Amino acid sequence: MVDWLASNDDTERRFELGGREFDGRSVEPTIESKVRITRGIQILKANPNVDLHVIGYTAASGDEAADIKLSQARAKWIVDALRDGGVAGSRLTSEGRGGADPIGDNNTAQGRAANERVAMILRHRR
């Protein structure tokens, strides 16, 4: 990420943080996520020409509407935390995609945990 930020590359870049982002099927982020958010605030403040789009995901539960609602709430929580930390709201957007684009196997506990996540798309502002 640091290399991309320094490059002033005009293509957008997607980043997934890895690790456990949320406590089960909740909006409550893990302690690790809260630490990452603090670091994200610092990075975004140091790079005011970068916009961020946050995409929330869930493991597919069989209730697509509930998955979308939860993923939207997760992405919004991240954006709100960044804004509360001093990042301009005009630089931040969010969406929820529910169980779309899984990175883990929803048939295993480990795979479902991997799918409970957020992704970030960074773009240099022109």
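Computed from a predicted structure; not experimentally measured. All values below come from the heavy atoms of this structure, side chains included, with hydrogens, waters and symmetry mates left out.
Judged by the 6.0 Å and 45° rule, Arg74 forms a cation-pi pair with Phe22. Both the sub-6.0 Å distance and the 45° axial angle are not jointly satisfied by Arg97 relative to the ring of Tyr57.
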Determine, step by step, whether Arg14 and Glu16 satisfy the salt bridge (charged side-chain N to carboxylate O under 4.0 Å, His left out) criterion, reporting the C-alpha distance in whole Å, the side-chain angles of both residues, the deciding distance to 0.1 Å, and the verdict.
CA-CA 7 Å; Arg14 181 185 176 107; Glu16 298 233 7; 2.9 Å; yes
Begin from the C-alpha positions of Thr30 and Glu32 and carry the test side-chain hydrogen bond (donor to acceptor under 3.5 Å, both in side chains) through to its verdict.
CA-CA 5 Å; Thr30 62; Glu32 297 89 353; 3.1 Å; yes
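A continuous path of hydrophobic side-chain contacts links Trp77 to Phe15 [ILVMFWY only; heavy atoms under 4.5 Å]. Placement of Val54 and Ile103 in two distinct hydrophobic clusters is found when ILVMFWY residues are connected by side-chain heavy-atom separations under 4.5 Å, directly or transitively. In terms of hydrophobic clustering, with Ile, Leu, Val, Met, Phe, Trp and Tyr side chains grouped at heavy-atom distances under 4.5 Å, Ile68 and Ile78 are assigned to different clusters.
The distance from the OG atom of Ser33 to the CD atom of Glu21 is 3.5 Å, given to the nearest 0.5 Å. Atoms NZ and CD, on Lys69 and Gln72 in that order, are 9.5 Å from each other to the nearest 0.5 Å.
With contacts defined as side-chain heavy-atom distances shorter than 4.5 Å, the pair Thr58/Arg25 qualifies. Ile55 places none of its side-chain heavy atoms less than 4.5 Å from the side chain of Val118. By the 4.5 Å heavy-atom criterion applied to side chains, His53 and Glu95 are counted as neighbours.
Minimum heavy-atom separation, Ile37 to Ala81: CG2-CB, 3.9 Å. Residue Gly56 comes nearest to Ser71 through the heavy atom pair O-CB, 3.2 Å, listed as atom of the first residue, atom of the second, then distance. The two residues Leu92 and Arg83 have their closest heavy-atom pair at CD1-N, 3.9 Å. Nearest heavy-atom pair, Asp67 versus Ser61, reported as atom, atom and distance to 0.1 Å: OD1-OG, 2.7 Å.
When atom types are taken as modelled, the side chain of Asn106 and the backbone of Pro102 share no donor-acceptor pair closer than 3.5 angstrom. For the pair His124 (side chain) and Leu5 (backbone), a donor-acceptor distance under 3.5 Å is present.
With Leu52 as reference, Leu44 is the one residue of Asn47, Val79, Leu44, Thr93 to meet the side chain to side chain contact (heavy atoms under 4.5 Å, CB included) rule. Under the side chain to side chain contact (heavy atoms under 4.5 Å, CB included) rule, Val50 has a single partner from Arg13, Arg91, Arg123, which is Arg91.
Evaluation of the salt bridge (Lys or Arg N to Asp or Glu O under 4.0 Å) test over residues 42-63, restricted to residues two or more places apart or in two chains, returns Asp51-Arg125.
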